[in-house]
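My structure is below; once you've seen it, I'll send some questions.
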Amino acid sequence: MKVLLMGHPNVGKSVFFNRLTGANVTESNYPGTTVDYTKGWMKIKGEDSELVDVPGTFSLDPKDKAEEVAVTMLRESEDAKVISVIDASKIERGLYLALEIIEEGYPVVIALNMWDVAGDKNIQIDIDNLQRILSVPVVPTTAISGEGIKELVSRLKDAKPVEIDTIIENAGGLT
Ligand SMILES: Nc1nc2c(ncn2[C@@H]2O[C@H](COP(=O)(O)OP(=O)(O)O)[C@@H](O)[C@H]2O)c(=O)[nH]1
Ligand SMILES: [Mg+2]
């Protein structure tokens, strides 16, 4: 299995990557660019899975070379699952990208990272309701302490493609 870590810059993707991968990590430039990315391996239920620390992007409508590489890496990985990393203290901004990735048909697990920061700011998020509406696993995480990471990885098996119409319906329609 191939798993892509995707999200805005500075949401904790690389902290996840470093915690999840062991040896055999390689850093390379994306062919024909100066944009670098890192990939490595992790074990999921005994199975070797490739994990890619994709360059940060705000959307799938790229605004610079790094974002272009992020989008290309996603489109090149049709069979991949995506860990969509969102800063829980700025959730609505990150959800936009997660929805774009879901809309392209990828199985997604959402990591609501910086859960500690959201807590310090007294930001309340109804995980169950968010999960019900999005129909994908949503796991609160604090990458720097490791909290939630095991749960996040174990929920990858529950990641399935979701129709965007289903999400709109679950949210109570567009009106
Ligand atoms: N408080 C807190 N800081 C975090 C968390 N995850 C990552 N960070 C910090 O956020 C910064 C950006 O993390 P990084 O992994 O480089 O983000 P990336 O750009 O998405 O790869 C670093 O200083 C991390 O130590 C978290 O869950 N809580
Ligand atoms: Mg990074």
Side-chain angles (χ1 to χ4, degrees), residues 2-31 33-42 44 49-77 80-102 104 106 108-127 130-131 134 136-156 159:
K2 183 172 182 177
V3 180
L4 306 179
L5 278 163
M6 292 192 72
H8 291 186
N10 286 313
V11 293
K13 299 180 296 299
S14 296
V15 177
F16 275 119
F17 180 85
N18 291 327
R19 281 187 170 271
L20 290 170
T21 54
N24 295 326
V25 167
T26 57
E27 192 177 336
S28 20
N29 281 345
Y30 191 80
T33 72
T34 57
V35 179
D36 54 355
Y37 70 98
T38 318
K39 67 179 183 183
W41 297 89
M42 64 174 173
I44 302 175
S49 304
E50 188 181 7
L51 185 67
V52 187
D53 190 3
V54 176
T57 187
F58 288 100
S59 76
L60 296 185
D61 176 19
K63 301 285 188 270
D64 61 32
K65 203 73 201 169
E67 294 203 341
E68 231 169 75
V69 168
V71 175
T72 304
M73 290 178 89
L74 176 70
R75 301 242 160 93
E76 275 177 346
S77 311
K81 292 191 173 187
V82 177
I83 297 176
S84 170
V85 185
I86 294 179
D87 179 342
S89 69
K90 300 169 186 161
I91 184 168
E92 55 291 298
R93 291 210 268 153
L95 275 176
Y96 177 76
L97 174 62
L99 282 168
E100 282 193 305
I101 298 169
I102 291 170
E104 299 236 344
Y106 291 89
V108 168
V109 172
I110 293 179
L112 279 187
N113 196 41
M114 308 270 181
W115 193 249
D116 57 329
V117 178
D120 290 345
K121 291 186 180 170
N122 265 322
I123 294 168
Q124 317 272 334
I125 298 169
D126 185 340
I127 304 272
L130 193 58
Q131 204 161 228
L134 297 175
V136 305
V138 178
V139 183
T141 60
T142 299
I144 47 166
S145 72
E147 204 188 318
I149 293 194
K150 257 195 189 147
E151 159 92 359
L152 180 72
V153 173
S154 82
R155 299 294 302 277
L156 274 168

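We count ligands from 1, going down the list as the structure has it; atoms in each ligand are counted the same way.
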Would a distance-only check, ignoring hydrogens and angles, find a side-chain to backbone donor-acceptor pair under 3.5 Å from Tyr30 to Thr72?
no
With a 3.5 Å distance limit and no angle check, can you tell me whether Ser59 reaches the backbone of Asp61 through a side-chain donor-acceptor pair?
yes
Name the closest protein heavy atom to atom 1 (N) of ligand 1, giving the residue it belongs to and the distance to 0.1 Å.
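Looking only at protein heavy atoms, the one closest to atom 1 (N) of ligand 1 is Asp116 OD2, 2.8 Å.
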Between Ser89 and Asp87, is there a side-chain donor-acceptor contact under 3.5 Å, judged purely by atom types and distance?
yes
Return yes when atom NZ of Lys39 has more than 12 non-hydrogen atoms of other residues, nucleotides or ligands closer than 6.0 Å, and no otherwise.
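Counting other residues, nucleotides and ligands, NZ of Lys39 stays at 12 neighbours or fewer.
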For Val11, the ligand 1 atoms with a heavy-atom partner under 4.0 Å come out as 17 (O), 18 (P), 20 (O)
May I ask you to list the atoms of ligand 1 that are less than 4.0 angstrom from any heavy atom of Ala143?
6 (N), 26 (C), 27 (O)
Lys63 bridged to Glu68 by N-O distance under 4.0 Å
no
Establish whether atom 11 (C) of ligand 1 and some protein heavy atom are separated by less than 4.0 angstrom.
no
Top protein contact for atom 25 (O) of ligand 1, by heavy-atom distance:
Ile144 CG2, 3.5 Å
Taking Thr142 for the side chain and Ile144 for the main chain, is one N or O donor matched with an acceptor at less than 3.5 Å?
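Not at all, since once roles are kept as given, no pair shorter than 3.5 Å links the two residues.
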Atoms in ligand 1 with a heavy atom of Asn10 nearer than 4.0 Å:
12 (C), 17 (O), 18 (P), 19 (O), 20 (O)
Between Val35 and Pro55, what is the shortest heavy-atom contact and its length?
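Looking at all heavy atoms of both residues, the shortest contact is CG1-CG, 3.8 Å.
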Protein residue, atom and distance nearest to atom 20 (O) of ligand 1, heavy-atom basis
Lys13 NZ, 2.7 Å
Donor-acceptor pair, distance only, cut-off 3.5 Å: does the side chain of Glu67 make one with the backbone of Phe58?
yes
Any protein heavy atom nearer than 4.0 Å to atom 7 (C) of ligand 1
yes
Check whether any side-chain N or O of Gln131 sits under 3.5 Å from a backbone N or O of Pro137 as a donor-acceptor pair, and report yes or no.
no
Do you know which two heavy atoms are closest between Met73 and Val52, and how far apart they sit?
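In this case the closest contact between Met73 and Val52 is CE-CG1, 3.5 Å.
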Among the heavy atoms of Pro9, does any lie under 4.0 Å from an atom of ligand 1?
yes
Quick check: does Ser14 get an N/O under 3.5 Å from an N/O on ligand 1?
yes
Residue-level breakdown please: for Val117 versus ligand 1, do any non-hydrogen atoms fall below 4.0 Å on the side chain, on the backbone, on both, or on neither?
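Just the side chain.
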Looking only at non-hydrogen atoms, which of Gly7, Gly119, Gly12 approaches atom 14 (P) of ligand 1 most closely?
Gly12
May I ask you to check whether Thr141 has an N/O atom sitting below 3.5 Å from an N/O atom of ligand 1?
no
Indicate whether the side chain of Lys65 and that of Thr33 have a donor and an acceptor atom separated by less than 3.5 Å.
no
Indicate the atoms forming the closest heavy-atom contact of Asn113 with Val11, along with that distance.
ND2-O, 2.7 Å
Could you tell me the residue and atom name of the protein heavy atom closest to atom 22 (C) of ligand 1, and the distance to it rounded to 0.1 Å?
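For this ligand atom, the closest protein heavy atom is Val15 CG2, 4.8 Å.
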Taking the side chain from Asn29 and the backbone from Pro31, do they hold a donor-acceptor pair closer than 3.5 Å?
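Here the side-chain-to-backbone pair does not exist.
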Note: heavy atom closest to atom 4 (C) of ligand 1, options His8, Met6, Met114, belongs to Met114
Ligand 1 to Asp53 polar contact by distance, N or O atoms, under 3.5 Å:
no
Close to the Mg ion (ligand 2), meaning under 2.8 Å, how many protein N, O or S atoms are there?
1
Report yes or no: does Lys121 contribute a side-chain atom to a donor-acceptor pair with the main-chain N or O of Asp116 at less than 3.5 Å?
no
